[in-house]
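First the structure, which I've put down as structure tokens, then a few questions once you've had a look.
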Amino acid sequence: MKVMILGIDGYLGWALALRLAADGHEVSGIDNLYTRKAVEEVGSTTALPISSPEERITAAKEVMGVDIRFYEGDITKYAFLQKTIRKENPEAIVHFAEQRSAPYSMIDVKHANYTLTNNLSGTVNLIYAVRKVDPRIHIVKMGTMGEFGTPKFDIPEAAFIDVSINGKEDRITVPKWGGSWYHWSKVHDTNNLLFANRLWGLTMTDIMQGPVYGSRIPEIKDPRLFTRLDFDEVWGTVLNRYCVEAVLGMPLTQYGQGGQTRAFLSLEDSVHSLSLLIDNPPEHGNYRVANQFTELYSVRQLAEMTKEIAKQLGINVQIKEFENPRVELEKHYYNPEIKVLPALGLTAPRRNIRDELKVMIRDVMENKERLEPYRGVIAPKTKWR
Ligand code: NAD
Ligand code: USQ
């Protein structure tokens, strides 16, 4: 199948490109390299050094014998996006190309507006470009489990629910409650996708994914094929951060009481799930929601697990309760439904989280000296209020 990846230079985009190419798909992608620049903007870097897009593509050819086509450009530029989609004529487009950090969106009004503008206009451009070029293209849009927030009800894997309001029955969209401007941008995207589906019958999978962890998939056999791995307080996600903190001998940054529970998955499970959803599209004209995760953990449980694995590797680390910089519940109910991916074959994690932690900590240990100067970007500084 011909698949185009928007955001191909990112953590998930590059890993998915390798997986799809290895599986025999014809892969192309677009990226404006914004994440590379924005991570530098906050004084940080990727924990594992990454090659330029050109070097990566050459390495993929040499190591795996695959051709991946790369277009540098910004998907908020409609003419560029439409022209590139027309040229590639893909059957599926995976849309990752958004500002993906919650803290980055909370820095100030400029960063909030950048996030909302970039994310919403990129998605609306994609909708219009697909409608224009070929409405049969399957839009595989990456949303987030964080669109739902942490409600007291079981989170449905659906776009609509039946309700009774003041004694009258109707269907409404599933209630959402984002925890940052970033998370709200994904909620707004979902509404826009639903509207486009209703207007023009475009075929879509809207994926609600939890935080991803890990540094490897089997295709990463050469350091030139590494995908990025962020760890600073703005761009790093919790478990990836814990691993770098452990290697640097810094306390693990548990925010508040640590009861915040999220729906996690490994990088391998993320690209595997995406492959399943691409290979098995919904009926033409349908909008499908897929919750994407394998296991629920609190951030305290993850800190304890990281401490245990680091100890096995000869590193003693402490867990420190930091004053929570975010506005969020630190103890709450959390029970998301998941049935689409299990029906396609994802019935259990393909990687054991403790094994992945070991792999990730070892990968980061190789880079310890390089990362020493970045100790200052770890402690939480970006505050929600
Ligand atoms: P990332 O920042 O590493 O990748 C996103 C890529 O999109 C970057 O390379 C960036 O340069 C590019 N991009 C951003 N705006 C663009 C634009 N206007 N035009 C072209 N390229 C643009 O992030 P990631 O971790 O790979 O996340 C990918 C997607 O998955 C994001 O939409 C994110 O919100 C979502 N997601 C990520 C996680 C996670 O834990 N990493 C979890 C759930 C959902
Ligand atoms: N947290 C800590 N310590 C840290 C970092 C985070 O305790 O050092 C806590 C946060 O307070 C939060 C939880 O860990 O409760 C998750 O935070 P995170 O930074 O790992 O993830 P988040 O900001 O939610 O965003 C990430 C990705 C985003 C994706 C989202 C999935 O950056 O793109 O959408 O995970 S979800 O969390 O399901 O919304």
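Bear in mind the structure is a predicted one, so any value in this text is a computation, not a measurement. In listed order, ligands and their atoms are each counted from 1.
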List for me each residue that meets salt bridge (charged side-chain N to carboxylate O under 4.0 Å, His left out) alongside Arg136, sequence neighbours excluded, and say none if there are none.
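Partners of Arg136 under the salt bridge (charged side-chain N to carboxylate O under 4.0 Å, His left out) test: Asp134.
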What part of Glu233, side chain from CB on, backbone N/CA/C/O, both or neither, has a heavy atom under 4.0 Å from ligand 2?
neither
Decide if atom NZ of Lys339 counts as having more than 12 heavy atoms of other residues, nucleotides or ligands within a radius under 6.0 Å.
yes
Below 3.5 Å, N or O to N or O, backbone or side chain included: is there any such pair between Val238 and ligand 2?
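The answer is yes, given that Val238 and ligand 2 share an N or O pair closer than 3.5 Å.
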Ligand-residue contact atoms, ligand 2 with Ala102, heavy atoms, under 4.0 Å
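Answer for ligand 2: 23 (O).
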For Ala102 against Tyr182, the heavy-atom pair lying closest together:
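Scanning both residues completely, I find the closest heavy atoms to be CA-CB, 3.7 Å.
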Check ion pair Glu283-Arg288 (N to O, under 4.0 angstrom):
no
Do the charged groups of Arg351 and Glu356 touch, with an N to O distance under 4.0 Å?
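So Arg351 pairs with Glu356 through a salt bridge.
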Only heavy atoms of Gln209, strictly under 4.0 Å: list the atoms of ligand 2 that pass.
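Listed by number with element, the hits are 31 (C), 38 (O).
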Glu330 and Tyr255, any side-chain heavy atoms less than 4.5 Å apart:
no
Per-ligand residue contacts, ligand 1, heavy-atom threshold under 4.0 Å
Gly7, Asp9, Gly10, Tyr11, Leu12, Asp31, Asn32, Leu33, Tyr34, Thr35, Gly73, Asp74, Ile75, Thr76, Phe96, Ala97, Glu98, Arg100, Asn118, Met142, Gly143, Tyr182, Lys186, Gln209, Gly210, Pro211, Val212, Arg228
Do the numbers put Lys152 on top of the ring of Tyr333, so that NZ or CZ is under 6.0 Å from the six-membered ring centre and no more than 45° off the axis?
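No, Lys152 does not lie over the aromatic ring of Tyr333.
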If the cut-off is 4.0 Å to any non-hydrogen atom of Val299, which atoms of ligand 2 fall inside it?
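Contacts of ligand 2 toward Val299, numbered from 1: 7 (O), 9 (C), 13 (C), 14 (O).
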Report yes or no: does Ala263 have a heavy atom closer than 4.0 Å to ligand 2?
no
Student check: side-chain heavy atoms of Asp363 and Phe226 closer than 4.5 Å
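Heavy-atom side-chain distance check passes, below 4.5 Å.
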What part of His183, side chain, backbone, both or neither, has a heavy atom within less than 4.0 angstrom of ligand 2?
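Within the 4.0 Å criterion, His183 contacts ligand 2 through side-chain atoms alone.
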Would you say ligand 2 has an N or O under 3.5 Å from any N or O of Gly146?
yes
In the structure I gave you, are the side-chain heavy atoms of Val124 and Tyr78 within less than 4.5 Å of one another anywhere?
no
Arg326 versus ligand 2: do any nitrogen or oxygen atoms come within less than 3.5 Å of each other?
yes
Shortest non-hydrogen separation from Ser101 to Pro103 and the atoms involved
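Where Ser101 meets Pro103 most closely, the heavy atoms are OG-CD, 3.3 Å.
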Is it the side chain (CB and beyond), the backbone, both or neither of Thr237 that lies under 4.0 Å from ligand 2, heavy atoms counted?
both
In the protein, what heavy atom is nearest to atom 15 (O) of ligand 2, and what distance, to one decimal place, separates them?
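Result: Glu328 OE1, 2.9 Å.
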Closer than 4.0 Å to some heavy atom of Arg100 - which atoms of ligand 2 meet that?
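The atoms of ligand 2 under 4.0 Å from a heavy atom of Arg100 are 27 (C), 28 (C), 32 (O), 33 (O).
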What part of Tyr182, side chain from CB on, backbone N/CA/C/O, both or neither, has a heavy atom under 4.0 Å from ligand 2?
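Side chain only.
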Ligand 2 atoms nearer than 4.0 angstrom to some heavy atom of Arg241 are 4 (C), 5 (C), 8 (O)
What is the nearest protein non-hydrogen atom to atom 6 (C) of ligand 2, stated with its residue, atom name and distance?
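Checked against all protein heavy atoms, atom 6 (C) of ligand 2 sits closest to Tyr255 CE1, 3.5 Å.
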Could you report the tightest heavy-atom contact between Thr203 and Pro282, atom names first, then the distance?
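Closest approach of Thr203 to Pro282, heavy atoms only: CG2-CG, 3.8 Å.
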I need the atoms of ligand 2 closer than 4.0 Å to a non-hydrogen atom of Met145, numbered in the order shown.
38 (O)
Carboxylate-amine/guanidinium proximity below 4.0 Å for Asp222 and Arg56
no
Going by the atom numbers of ligand 2, which of them fall below 4.0 Å from some non-hydrogen atom of Gln260?
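In order of numbering, the contacting atoms are 11 (O), 15 (O).
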Are the side chains of Thr45 and Arg370 in contact, using a 4.5 Å heavy-atom criterion?
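SC-SC contact between Arg370 and Thr45 confirmed.
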Salt-bridge test for Glu304 and Arg300: reply yes if a basic N is under 4.0 Å from a carboxylate O, no otherwise.
no
Can you confirm, on distance only, whether ligand 2 has an N/O atom lying under 3.5 Å from any N/O atom belonging to Ser101?
no
Is there at least one pair of N or O atoms, one from Thr253 and one from ligand 2, spaced under 3.5 Å apart?
yes
Mark up the atoms of ligand 2 that fall under 4.0 Å of a heavy atom belonging to Thr144, in ascending order.
29 (C), 30 (C), 31 (C), 34 (O), 36 (S), 38 (O), 39 (O)
Side chains of Phe96 and Ile5, heavy atoms from C-beta outward: is any pair under 4.5 Å?
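Phe96 vs Ile5: side chains touch.
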Distance-minimising heavy-atom pair for Arg375 and Leu248:
NH2-O, 2.7 Å
Which residue supplies the protein heavy atom nearest to atom 37 (O) of ligand 2, what is that atom called, and how far is it?
Pro211 CG, 3.4 Å
